[in-house]
Amino acid sequence: MTDSSSQNNNDSTNGSHGKRPAQSSGSSGASFPKIVKFNGNIQRTPGRDLDATKRPAPAHYSREDLLAQKQALPIYAVRQRLLEELRKHQTLIIIGETGSGKTTQIPQLIFTHGMTENGTIAVTQPRRVAAITLATRVAQEMGAQLGTTVGYTVRFEDVSNFKTKVKFLTDGMLLREAMLDPLLKRYSVIILDEAHERTIHTDVLFSVVKTAQKKRAEQGNNRLKIVIMSATMDVDHFSLYFNKASVVYLEGRQFPIQVFHAKQIQEDYLFSSLVTLFQIHKDAPADHHILIFLTGQEEIEAFAKSARTIAKDLQGKYANLKVCPLFANLPQNQQMEAFSSPPPNTRKVVLSTNIAETSVTIDGIRYVIDCGRVKARTHMPATGMDVLRIQKIAQAQAWQRAGRAGRQAAGFCYRAYTLNEFEKMAPNAIPEIQRCSLTTVVLQLLALGVQDPLHFDFMDKPPTELIEGAMKELHLLGGIQSIDKPVLTEIGQQMAAFPLDPRFTKLILASKDLGCTEEIVSIVALLSADSIMVNASAQREQANNVRAKFASSEGDHMTLLNIFRAFRTAKQNRNWCFENFVNYRNLLYAVEVRKQLAELCERTNIPMKSCNPQTEPIRRCLLAGLFLSVAEYQREGHYLTLGSRQTVTIHPSSVLFHTKPSCIVFTELIQTGKRYVRQVTLIDRDWIEELPKETLLQLRQTFRGTVNGPNRS
DNA sequence: GAGCACTGC
């Protein structure tokens, strides 16, 4: 550990040995962050973690084992000095690689030295599974039963009680708590971990904890200690934001990784990655597995096909090759393939999206091939549309990817881009808060008591248009009094209470008058979950045929509801899901969301009325809540949106893709190759005129001239 | 007749 400002001690691990594929050359001079092998037994299960039976069982260690493991962590030797720093400063920034032991050891250090007399230690994580596994591990090390002294809180699961002193929670969960108590009075220490990931929640929390600390200090009792933990080397930014807070560096052990860059610019990064794969395959021992970072499902499936074909031609000449795709939308049983050990004399090649960058860890990876690209979502405030496109990664991401080769032993990373290209990459990825729709964030800020979101103390301020766009949408939804005076209305307060996109809360509120809350709450829950349709390209046709019995001629929302009802009738049976090509995990998730929403409805006096067997109220409700998302048929399959007057197409996954009704309401607008609307429902155009007067007035004001007389061509 | 990266409440 060294004190701040003297830090530039990255090991350059670009060694001189190692074989080079023909089109790659050894990199020179680029620094490499420290990679530390985690010395515990923490494993992360992929995907949303709802199925408790699938969670890795906590390993059982003896007291001696646990102590030995603790002592082997790099942090152990410096714990006394670290403690001094923690005592000395009210705000401390700790830089250390993931797995250096900081996340498990620092909360214990704080706890055992009495810094929790006036409250609990909160440790935030960007992901649920991490919060759960870390709490399990720390409880074990402290000899406590999980849920007592050590616990965790994530959505749908609160394993903590009033005695809990070390609490792991998702950053989103702490933000929720802050909306009820902006001073976060029950905590004496708040640790924001993985701060370098800059999730939208952590970014808001930066300011929330800073404000809470200041106010509590002014009140003079129960002061708040803040610890920011990050893996980034760009510490000045953090330190400056937290009033020049002290920075502590934690060194770790690492396995060296040799990095190679392409010799010249690769026109086709897929082809280049494929060539590299087989050059490695020719020489490396069979149990040295390979991880290839690609951008998306389609790309991965095409790459897998090519790789398997080539491997078949080479059969018998080298080791066997087992190709495993890995992306979040892949059904869990297929995801597990990427984590299992392959048979003898077989090399595993995992083709992954950036899910393998942070969310999951795969054993035995010695080689990484990095295509240098990522698919990222950007919000366009002018059109209200999200654009999904492939872009170059940042340097920090490139190092993160490379690090995946050195988790258990020395490794290699082959980059499908030149050193020059690498040097031209942005040092860090653009934080989420600067590129996503901020409607929910602005709503949360207002609920937290922030007066002027435009001048909120962001660590990195989002573009003004994004904040203004959010205010505009909130105003249209009736959530704030006016754009100039952003004060929450009663509707706005309800929107803040619901863990939903405000547009979806609006739907629930609209359902009250139409007597279809029972149905709308299910639909909103389904829209909140990942896709419930299983869509492997290989069996797409079969899947569509089997699911045809659920399809509604009225659109996707009714179709979703039909599947959900059938799932519940089938007693939420897993096999039923398998037979019907629907995703069990995501349906279970929707059931949980529905439960939560139903409770909130009860609390806010929205009766769970059903309109069954009628469906018209549901479609009228969708229109009432989503009146900004209406489109009219033009010609050649194109639609024109009522509000922003953009040409859009119904997404091929929609049940209305063939039908092309004259007027539709949709829940998602996204640009990939084309501009698509997804989740589409057929409506009667006359219903627009029958909307409540205030809504119509608002519509006319917003889109003058487009509501009464759209040009039909 | 064509395709959405990843999280979270």
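We name chains A, B, ... by the order of the sequence lines, and we start the count at 1 in each one.
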> Hey, does Ser653(A) reach any base, or is it just sugar-phosphate, or nothing, if we go heavy atoms under 4.0 Å?
Replying inline: nothing
>> With rounding to the nearest 0.5 angstrom, report the CD1 to OG1 distance, Ile650(A) to Thr659(A).
In response: 7.5 Å
> Looking only at side-chain N and O atoms, does His651(A) come under 4.0 Å of OP1 or OP2 in dG1(B)?
Replying inline: no
> Side chain of Glu668(A), base of dC4(B): donor and acceptor closer than 3.5 Å?
Replying inline: yes
> Rounded to the nearest Å, what distance is computed from the CD atom of residue Glu197(A) to the P atom of nucleotide dC6(B)?
Replying inline: 14 Å
> Can you list, by residue number, the residues of residues 494-508 of chain A that have a non-hydrogen atom closer than 4.0 angstrom to DNA chain B?
Replying inline: Pro499(A), Leu500(A)
>> Distance check needed: dC9(B) P versus Lys595(A) NZ, whole Å only.
In response: 15 Å
> His379(A) NE2 to dC4(B) C1': how many Å, rounded?
Replying inline: 17 Å
> So what does Val154(A) touch, heavy atoms closer than 4.0 Å: a base, only the sugar-phosphate, or nothing?
Replying inline: sugar-phosphate
> How do Gln444(A) and Ala376(A) order along DNA chain B: which one's closest nucleotide is nearer the 5' end?
Replying inline: Ala376(A)
> When you match Lys375(A) and Arg155(A) each to their closest nucleotide on DNA chain B, which lands nearer the 5' end?
Replying inline: Lys375(A)
> Considering only side-chain heavy atoms of Arg678(A), which listed nucleotide, dT7(B), dC4(B), dC6(B), is closest?
Replying inline: dC4(B)
> Could one point to a donor on the side chain of Arg377(A) or the base of dC4(B) with an acceptor on the other under 3.5 Å away?
Replying inline: no
> Could you give the CD1-to-P distance, from Ile132(A) to dG8(B), as a whole number of Å?
Replying inline: 9 Å
> Given dC4(B), dT7(B), dC9(B), which nucleotide is nearest the side-chain atoms of Ile670(A)?
Replying inline: dC4(B)
>> Could you work out, with side chain to side chain contact (heavy atoms under 4.5 Å, CB included) as the rule, every residue matching Gln671(A), not counting sequence neighbours?
In response: Met385(A), Val387(A), Arg675(A)
> Does the side chain of Pro453(A) come within less than 4.5 Å of Met471(A)'s, by heavy atoms?
Replying inline: yes
> From the list dT7(B), dA2(B), dG8(B), which nucleotide is the closest neighbour of the side chain of Thr170(A)?
Replying inline: dG8(B)
> Do Phe206(A) and Phe458(A) make the cut of ring centroids closer than 6.0 angstrom?
Replying inline: no
>> Any side-chain N or O of Thr353(A) below 4.0 angstrom from OP1/OP2 of dC6(B)?
In response: yes
> Which listed nucleotide (dC4(B), dG1(B), dC9(B)) is nearest to the side chain of Phe657(A)?
Replying inline: dG1(B)
>> From C-beta outward on Asn354(A), which listed nucleotide comes closest to its side chain: dG1(B), dC6(B), dC9(B)?
In response: dC6(B)
>> Run the side chain to side chain contact (heavy atoms under 4.5 Å, CB included) test against Lys375(A) and tell me which residues pass, sequence neighbours left out.
In response: Thr295(A), Leu388(A), Ile390(A)
> What does His658(A) touch in the nucleic acid at a heavy-atom separation under 4.0 angstrom: a base, only the sugar-phosphate, or nothing?
Replying inline: base
> When all nucleic acid strands are considered with a 4.0 Å heavy-atom cut-off, which category describes Thr199(A): base, sugar-phosphate, or nothing?
Replying inline: nothing
> Please give, in whole Å, the distance from dT7(B) C1' to Met173(A) CE?
Replying inline: 16 Å
>> Can you measure Leu175(A) atom CG to dT7(B) atom P for me and round it to whole angstrom units?
In response: 19 Å
> Can you tell me how far P of dG8(B) sits from OH of Tyr152(A), to the nearest Å?
Replying inline: 14 Å
>> If the test is side chain to side chain contact (heavy atoms under 4.5 Å, CB included), which one of Gln334(A), Gln335(A), Glu301(A) qualifies with Phe327(A)?
In response: Glu301(A)
>> Using a 6.0 Å distance limit plus a 45 degree cone around the ring axis, check whether Arg415(A) lies over the aromatic ring of Phe422(A).
In response: yes
>> Rounded to whole Å, please give me the gap between CD in Gln671(A) and P in dA2(B).
In response: 16 Å
>> Can you tell me how far apart CG (Leu587(A)) and CZ (Phe564(A)) are? Round to the nearest 0.5 Å.
In response: 7.0 Å
